[in-house]
Number of protein chains: 2
Amino acid sequence: MTSLAASAALIGDPARAAMLQALLPGEALTAGELARVAGIGAPAASAHLKALTEGGLVGVHAQGRHRYHRLAGEEVATALEALLALPAGGIRAPWPHGDALRRARLCWGHLAGQLGVGLHGAMAAQGWIAPAPGGWQATPSGEAALRDLGVDLGAARAAPRFACDCMDWSERRPHLAGGLAREVTAALLRRKWLVRPEAASERPLRRRLLLCTPEGARQLQGLGIAA
Amino acid sequence: MTSLAASAALIGDPARAAMLQALLPGEALTAGELARVAGIGAPAASAHLKALTEGGLVGVHAQGRHRYHRLAGEEVATALEALLALPAGGIRAPWPHGDALRRARLCWGHLAGQLGVGLHGAMAAQGWIAPAPGGWQATPSGEAALRDLGVDLGAARAAPRFACDCMDWSERRPHLAGGLAREVTAALLRRKWLVRPEAASERPLRRRLLLCTPEGARQLQGLGIAA
DNA sequence: ACGACGCTTCGTCGGGGGGTGAAGCGTCGC
DNA sequence: GCGACGCTTCACCCCCCGACGAAGCGTCGT
């Protein structure tokens with residue numbers, strides 16, 4: 001079996017693909033979480049994760065009775081994103097976890113989903129951020145606008161990365177990540193433009209759900225972010 | 001089935017992967033050629049090609065009783081290259097077609113394989129070529145050196161693309177493509193540094209084999225190309 | 001020390017997908 | 001027009017892979 005076929009076959013199983021997609025944002029997830037994401041039982045998930053690990057696509061880190069899995073490297077994320085960019089039969093498969101999660105959710109503490117991608121585009125379009133080596137920097141006018149929004153730029157700069165792209169698995173386009181993205185998200189939550197649902201379900205994906213308030217929708221639309 | 005799993009599963013079959021790999025350089029191949037490359041019968045190849053076409057990975061062009069297949073687009077090549085860059089079990093699978101083909105072969109009329117990749121690196125390292133939008137340009141000193149080699153730069157510039165990168169599937173690194181690469185290869189063949197084997201086998205891959213003469217190995221080594 | 005919990009391994013089963021051979025269809029060459 | 005040729009479709013078979021249940025192992029909480 002050639003290397004190409006082996007790698008692709010590893011990703012090509014629906015359960016493994018769901019796991020990898022869940023790992024794409026960079027978070028490390030436990031075997032149980034990945035089993036629920038993939039919609040399979042623990043034994044099947046264990047077998048899949050073993051295959052992914054032995055295939056060099058996933059790295060494992062044992063911590064107590066949990067085993068945390070993450071993508072093995074940058075090339076793996078690159079390959080997954082390249083595959084996500086393919087037409088795949090021409091029809092975008094419906095995302096099984098509902099529209100709400102696709103609309104807005106947390107990804108490493110920052111906003112992802114339609115709103116995350118929209119926010120990224122709007123910030124770039126309005127000149128709040130400009131490309132910089134390894135990511136983005138804030139422009140002077142952007143700093144002023146962000147401060148008006150209540151963003152703590154000092155906290156944002158304290159993060160290891162100020163602002164960089166993070167592939168959004170539901171939108172297939174990058175949203176903003178890094179300290180800036182986290183602080184912007186925090187500011188939007190403080191302003192109650194976004195809220196976390198009351199009863200966070202036990203399902204890991206649901207725990208990341210964000211809801212956009214009517215006031216938030218109005219304000220974000222005013223900033224040029226498509227509702 | 002999510003889009004990721006569907007695309008990857010399409011590539012993940014050994015026969016389909018072999019076909020896609022054969023199409024990676026950009027050449028259009030007939031169903032029969034692809035069947036031989038994949039080592040399967042015509043019916044199986046037909047089914048695989050139908051799946052690849054319906055999946056949007058491959059495009060078809062009927063010409064007489066032949067049906068020519070090529071990769072559907074740039075994104076497909078990108079995805080394949082990203083997958084080829086993965087460790088795939090940590091071990092590079094042995095290339096079943098022998099070392100000779102990996103060492104030097106034709107790819108769209110230009111040199112590929114170890115020598116192709118090495119030539120590309122040497123030309124860049126010695127400042128013969130410099131990055132340009134969409135590919136490479138020849139520097140003044142490079143033009144002189146190339147003319148000394150007997151390269152017809154006029155013919156090279158007449159090609160639709162002068163010089164650009166082409167992913168080398170055996171080396172996993174780019175070699176030089178475009179009009180310049182084709183003319184350089186022609187010059188090396190004229191100088192008998194490279195020769196085509198006497199009896200070109202009927203197997204399509206063997207038809208592209210190039211052999212490096214002792215004189216050629218010496219000369220190329222003098223140019224900084226690893227033997 | 002005991003049970004609860006997370007995860008893995010083993011054994012077993014079932015379904016789907018890839019393979020071939022035979023047949024059918026359209027195109028090329030004499 | 002006839003066979004040769006390239007390719008596709010059809011029917012069929014078989015193997016492999018992924019699912020689950022039960023059991024085992026190690027870790028955490030009390």
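This structure is a prediction, so every number in the text was calculated from the model and none was measured. Each chain gets a letter, A, B and so on, in the order the sequences are listed, and its residues count up from 1.
- Atoms NZ (K50(A)) and P (dC17(D)) sit 14 Å apart, rounded to a whole Å.
- For the side chain to side chain contact (heavy atoms under 4.5 Å, CB included) with V60(A), the lone residue among L52(A), T53(A), L49(A) that qualifies is T53(A).
- Atoms CG (L49(A)) and C1' (dG6(C)) sit 13 Å apart, rounded to a whole Å.
- Without hydrogens or angle criteria, R191(A) side chain to L149(A) main chain gives a donor-acceptor distance under 3.5 Å.
- Over its full length, the helix from dA1(C)-dT30(D) to dC30(C)-dG1(D) turns its helical axis through 40°, comparing axes from the five pairs at each end and rounding to 10°.
- A close approach under 4.0 Å does not occur between any side-chain nitrogen or oxygen of R67(A) and OP1 or OP2 of dG6(C).
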(request) Step by step, work out the ring pair (Phe, Tyr, Trp, His ring centres under 6.0 Å) result for H61(B) and H69(B). (result) CA-CA 6 Å; H61(B) 169 67; H69(B) 300 76; over 10 Å; no

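- Using modelled atom types, no side-chain atom of R16(B) and backbone atom of A5(A) make a donor-acceptor pair closer than 3.5 Å.
- Separation of atoms CD1 (I11(B)) and OG (S7(A)) is listed at 10.0 Å; rounding is to 0.5 Å.
- For T30(A) (side chain) and R67(A) (main-chain N/O), no donor-acceptor pair under 3.5 Å exists by modelled atom type.
- Remark: C1' of dT27(D) and NE2 of H61(A) are 15 Å apart, rounded to the nearest angstrom.
- A close approach under 4.0 Å does occur between a side-chain nitrogen or oxygen of T30(A) and OP1 or OP2 of dC7(C).
- Although no hydrogens or angles enter the test, the distance criterion places a donor-acceptor pair under 3.5 Å between the side chain of R190(B) and the main chain of G150(B).
- Remark: C1' of dT8(C) and OH of Y68(A) are 18 Å apart, rounded to the nearest angstrom.
- At least one side-chain heavy atom of L194(B) sits under 4.5 Å from a side-chain heavy atom of L115(B).
- Distance L10(B) CG to dG16(C) P: 18 Å, rounded to the nearest Å.
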(message) Generate the contact string for nucleotides 17-25 of chain C. Rules: B means base contact, S means sugar-phosphate contact only, - means no protein heavy atom under 4.0 Å.
(response) -SSBBB---

